Amino acid sequence: MPIQSTLAGSLSVPSIPHVDTVLQYLSSLSPRTRLLLVSGGLLAFIIKYLRVKNARRATRGGYYVEDLSKVGSTSENKDSWNTYDVIIIGGGTIQKVDIYDGQDKSGYVGTSGCALAARLSEDTNIRVLLLEAGGSGTALVESRTPSMFGRLFITEHVHKLRTEPQVFARGKTNFWPRAKMLGGCSSINAQMAQYGAPGDFDEWARVIGDESWYFNKYETYIPHPDYPLVDASARGNSGPVRVGYNNYVSKPSAAFIKSCIRVGIPFTPDFNGPRGTLGVSRIMTYVDDKYRRVSSESAYLTPNVLARKNLTVATNATVSRIIFEEVKGEVHAVGVEFAREKNGQMYRARAKRDVVLSAGAVHSPHILMLSGVGPAEHLRSHNVPVVLDHPMVGQNLVDHPVVDLYFKDKHNASAKWMRPKTFGDTAKLISAMVRYFAFGSGGPLATNFGESAAFVRSDDPKLFPPSKYPQQLTDSTSAKDSPDLEFFTTPFAYKEHGAIWFDVHTFALHCYLVRPMSTGAVLLKSNDPWQLPSVNPNYLQNTEDMWKLVRGVRALLDIAHAEPLAGYLDHTSTREDLDHQLHLKSDAEIVELVKDRVETVYHPTSTCRMAPREEGGVVDNKLKVYGINGLRVCDASTFPKIISGHTAGGCYVIAEKLADDMKAEYKSTKNIII
Ligand SMILES: Cc1cc2nc3c(=O)[nH]c(=O)nc-3n(C[C@H](O)[C@H](O)[C@H](O)COP(=O)(O)OP(=O)(O)OC[C@H]3O[C@@H](n4cnc5c(N)ncnc54)[C@H](O)[C@@H]3O)c2cc1C
């Protein structure tokens, strides 16, 4: 969900050495502007204070290893390397709860690396090293506060990728942020807790030919008085990941639900219930009872877990290469190389059993290719010595493309004040901060922005009657009751991932294709591990993706013009940059709009697919890389097919399942490979 949120801009205060100049400058301003500047400065101070406080809390007790010489060796001699059973690269997402049939209530979920590390280290015989390129996510107030994550997009806490020019979408290069911190993208995501459709996970099981890949859910549901319809008994109550309705919802987002019902989308009490995911509802979020973000770091790397003697978590440790050895004609992953920074001291550590890549759909294939595992010719063209020719590493990149629609909010009640431009805005922001930080009672800062959502099918005759939509489109869904389109709302409109806001109060509707057929690739730009790879999601390469999005836009316009939502939007507006008159435009014009506006909704998957090797698989049903011993991948890159919805849940499922499989495997075999 492209959002760069709140509190950005207008917050900087002049530094102390220029006090005289500042005072002189202030006295030259009008009293109103002076008040605005001073309150802006106060806000900046509060944020800085909260950041320092949080950082102290997160590092107190020395949970994370900062000094890499404590976990790795500078020597090239393998015998002197620090040795672990498992080395995990990347501290991203995982969870476990019950399954759709409600049988297992103990379950789990996590983004992959943190969850895997926490689960594996439950077995005291398994020594685990987790290496994360960034620092702690829970130390960042912008990560912990649901509404502030967008502020992190342009900081050092994010891998700031840009796509290759999108040749089917005006040749644009899109900004593609991926988190660089413990918790991975679960520390900067929009916290929308929808895990996909039941059919998605059945499809995974079919692709890999292993029934154990049914859907496990994983969280602890926080009951909410406004949502008595959620069947808490069909959910877990002991999982580490908490979800609930503790987020704040704006009035137009609540009205959206009613307007959807009016156009024929049924209400569903719970997108993750046994009934499946089709329908409209409020979005449940990854949030705790203190209105803080729940990330895989906050859920899994608790003080008790971090106190385990067999778990070491090192931060600011970027892995540049996996080290391989040939034993009796077979290739084994035996360790990794890592450093704090480019040209910094290089360290090595040894894995006796497994190296597990949990670096996400961009970086896992990138690290594989840097290490010599990937399409041989491509590797050679970048002077990377080939360890194993694996043509499908980095291929099959799929991402959900989103199109945003912008409307003027008739009641001037949008969340525009979160980026204050007037004294009134600043006052609102301060009061929201006091409510959230001082009294801990939630409020607008607890919005995750993606407030309400609907999941529909592009062949639903109620929404898209064949008389009006005669074109037969390929069914790319995972099952007859799975969606291929998602709609969601945000309490203001924005462009460029939140960098640009409108000058008037706005409300936005978003449509994204949850089952695109276009695929792209992650490739090397060079053999320098510190250079980000090339990413090309190939948006709209498949023209049917385009036509499904056009249908989605048409349905959103119907919803926008249906009461009660219509009552919140100023449909008299004829501004060219708003979409009140879009329903009057032709399909050809909407096609152009889709090409102009298509963006990432931040869900790349499937670049190291779990699938039979002859069908383009990179890993098997135990997430082992084909052709190499002691090497696995555990993150969104292994999704056999992209989820019909939000991807963090699937990452949690994968990590929980792999942890169980690895623990069982290690118990049953003493077969340590090196
Ligand atoms: C802005 C945004 C909004 C989103 N909104 C939602 C949402 O509302 N709901 C939802 O379900 N999903 C959402 N997602 C998607 C979801 O968060 C991701 O799909 C999921 O978290 C991916 O998990 P992962 O384990 O595959 O990888 P990641 O979470 O990306 O973790 C990878 C980790 O590996 C580390 N790493 C990378 N390279 C190296 C290296 N060389 N050495 C060491 N460490 C390395 C990274 O720093 C990162 O911490 C969103 C994502 C983003 C970015």
Side-chain angles (χ1 to χ4, degrees), residues 1-5 87-95 109-116 130-137 146 149-150 152-153 157-159 161 175-196 243 247 283-286 293 295-297 314-322 336-339 357-368 370-371 399-400 402 448-450 453 488 497-498 529-530 532-533 600-608 633-639 642-643 645-652 654-655:
M1 209 194 57
I3 287 180
Q4 149 127 8
S5 81
I87 299 179
I88 301 170
I89 306 170
T93 315
I94 189 169
Q95 37 185 209
V109 134
T111 43
S112 320
C114 291
L116 184 63
L130 172 61
L131 296 167
E132 165 54 45
S136 164
F149 59 95
L152 291 169
F153 286 5
H157 307 295
V158 161
H159 302 278
L161 291 127
F175 180 52
W176 247 49
R178 309 305 298 161
K180 184 179 177 188
M181 65 186 88
L182 282 169
C185 292
S186 73
S187 297
I188 64 159
N189 70 17
Q191 303 143 80
M192 293 158 88
Q194 181 268 358
Y195 315 132
V243 300
N247 53 332
I283 267 284
M284 193 182 281
T285 63
Y286 297 105
R293 168 193 294 274
S295 68
S296 64
E297 181 195 9
T315 51
N316 300 306
T318 296
V319 172
S320 50
R321 189 171 75 93
I322 299 164
V336 298
E337 271 183 8
F338 53 100
L357 275 158
S358 288
V362 172
H363 292 97
S364 283
H366 186 214
I367 296 168
L368 278 175
L370 290 168
S371 310
D399 185 28
H400 288 145
V402 70
N448 65 313
F449 296 118
F488 67 93
H497 307 260
W530 300 91
L532 291 170
T600 178
V601 83
Y602 315 111
H603 292 168
T605 72
S606 310
T607 46
C608 300
V633 187
C634 173
D635 55 34
S637 72
T638 64
F639 286 14
I642 197 162
I643 294 284
H646 297 261
T647 44
C651 296
Y652 285 128
I654 282 185

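In this text, all values refer to a predicted model and were calculated from it rather than measured experimentally. Order of appearance sets the numbers: ligands from 1, and atoms from 1 within every ligand. Computation of the quantities below employed the complete heavy-atom set of this structure, encompassing side-chain atoms and omitting hydrogens, waters and symmetry-equivalent molecules.
- Inclusion of G113 in the set of residues having an N or O under 3.5 Å from an N or O of ligand 1 is not warranted.
- At a 3.5 angstrom cut-off on N or O pairs, T647 counts as close to ligand 1.
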Applying side chain to side chain contact (heavy atoms under 4.5 Å, CB included) to K180 and V158, what does each step give before you reach the verdict? CA-CA 5 Å; K180 184 179 177 188; V158 161; 5.6 Å; no
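- Considering backbone and side-chain N/O atoms, A648 comes within less than 3.5 Å of an N/O atom of ligand 1.
- Here is the list of ligand 1 atoms found below 4.0 Å of a heavy atom in H646: 7 (C), 8 (O), 9 (N), 10 (C), 11 (O).
- Close to ligand 1: S358, with a non-hydrogen atom less than 4.0 angstrom away.
- For R321, the salt bridge (Lys or Arg N to Asp or Glu O under 4.0 Å) test picks out E337, with sequence neighbours left out.
- Of the N or O atoms in D635, none lie within a sub-3.5 Å distance of an N or O in ligand 1.
- The aromatic rings of H646 and H603 stand perpendicular to each other, their planes meeting at an angle above 60°, with 30° marking the opposite boundary.
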For a side chain to side chain contact (heavy atoms under 4.5 Å, CB included) check, start with the C-alpha distance between T600 and V402, then their side-chain angles and the critical distance, and finish with the verdict. CA-CA 6 Å; T600 178; V402 70; over 6 Å; no
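- Taking a 4.0 Å cut-off on heavy atoms, A317 registers as neighbouring ligand 1.
- Close N/O approach between R178 and ligand 1 is not found [any backbone or side-chain N/O within under 3.5 Å].
- Between P604 and W176, the closest side-chain pair of non-hydrogen atoms falls below 4.5 Å.
- Heavy-atom contacts of M181 reach the following atoms of ligand 1: 47 (O), 49 (O) (cutoff under 4.0 Å).
- Checked against a 3.5 angstrom limit, the closest N/O atoms of C651 and ligand 1 fall outside it.
- In terms of polar-atom proximity, defined here as any N/O pair under 3.5 Å, V319 does make such a contact with ligand 1.
- Remark: ligand 1 and F149 share no N or O pair separated by less than 3.5 Å (distance only, no angle test).
- With sequence neighbours left out, the ring pair (Phe, Tyr, Trp, His ring centres under 6.0 Å) criterion links H366 to no other residue.
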S187 vs E297, test: side chain to side chain donor-acceptor pair (under 3.5 Å). Steps then yes/no. CA-CA 8 Å; S187 297; E297 181 195 9; 4.7 Å; no
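- Per-residue contacts place A190 under 4.0 angstrom from the following atoms of ligand 1 (heavy atoms of the residue considered): 3 (C), 4 (C), 5 (N), 6 (C), 7 (C), 8 (O).
- Close contacts between ligand 1 and F153 involve ligand atoms 1 (C) [criterion: under 4.0 Å to a heavy atom].
- Considering backbone and side-chain N/O atoms, S637 never comes within less than 3.5 Å of an N/O atom of ligand 1.
- If you check the side chains of R293 and N448, you find no donor sitting under 3.5 Å from an acceptor.
- None of I322, V319, T638, I88 except one satisfies the side chain to side chain contact (heavy atoms under 4.5 Å, CB included) rule with L357; the exception is I322.
- The closest approach between any non-hydrogen atom of H159 and ligand 1 is below 4.0 Å.
- Interface atoms of ligand 1 facing L131, defined by a heavy-atom separation under 4.0 Å, are 43 (C), 44 (N).
- For the side chain to side chain contact (heavy atoms under 4.5 Å, CB included) criterion with C634, the lone passing option out of S358, C651, C608 is S358.
- By the 3.5 Å distance cut-off applied to N or O atoms, L182 is not counted among the residues near ligand 1.
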Pair Y602, H497 - check ring-ring contact (aromatic ring centres under 6.0 Å, His included), show working. CA-CA 11 Å; Y602 315 111; H497 307 260; 5.6 Å; yes
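- The closest approach between any non-hydrogen atom of F338 and ligand 1 is not below 4.0 Å.
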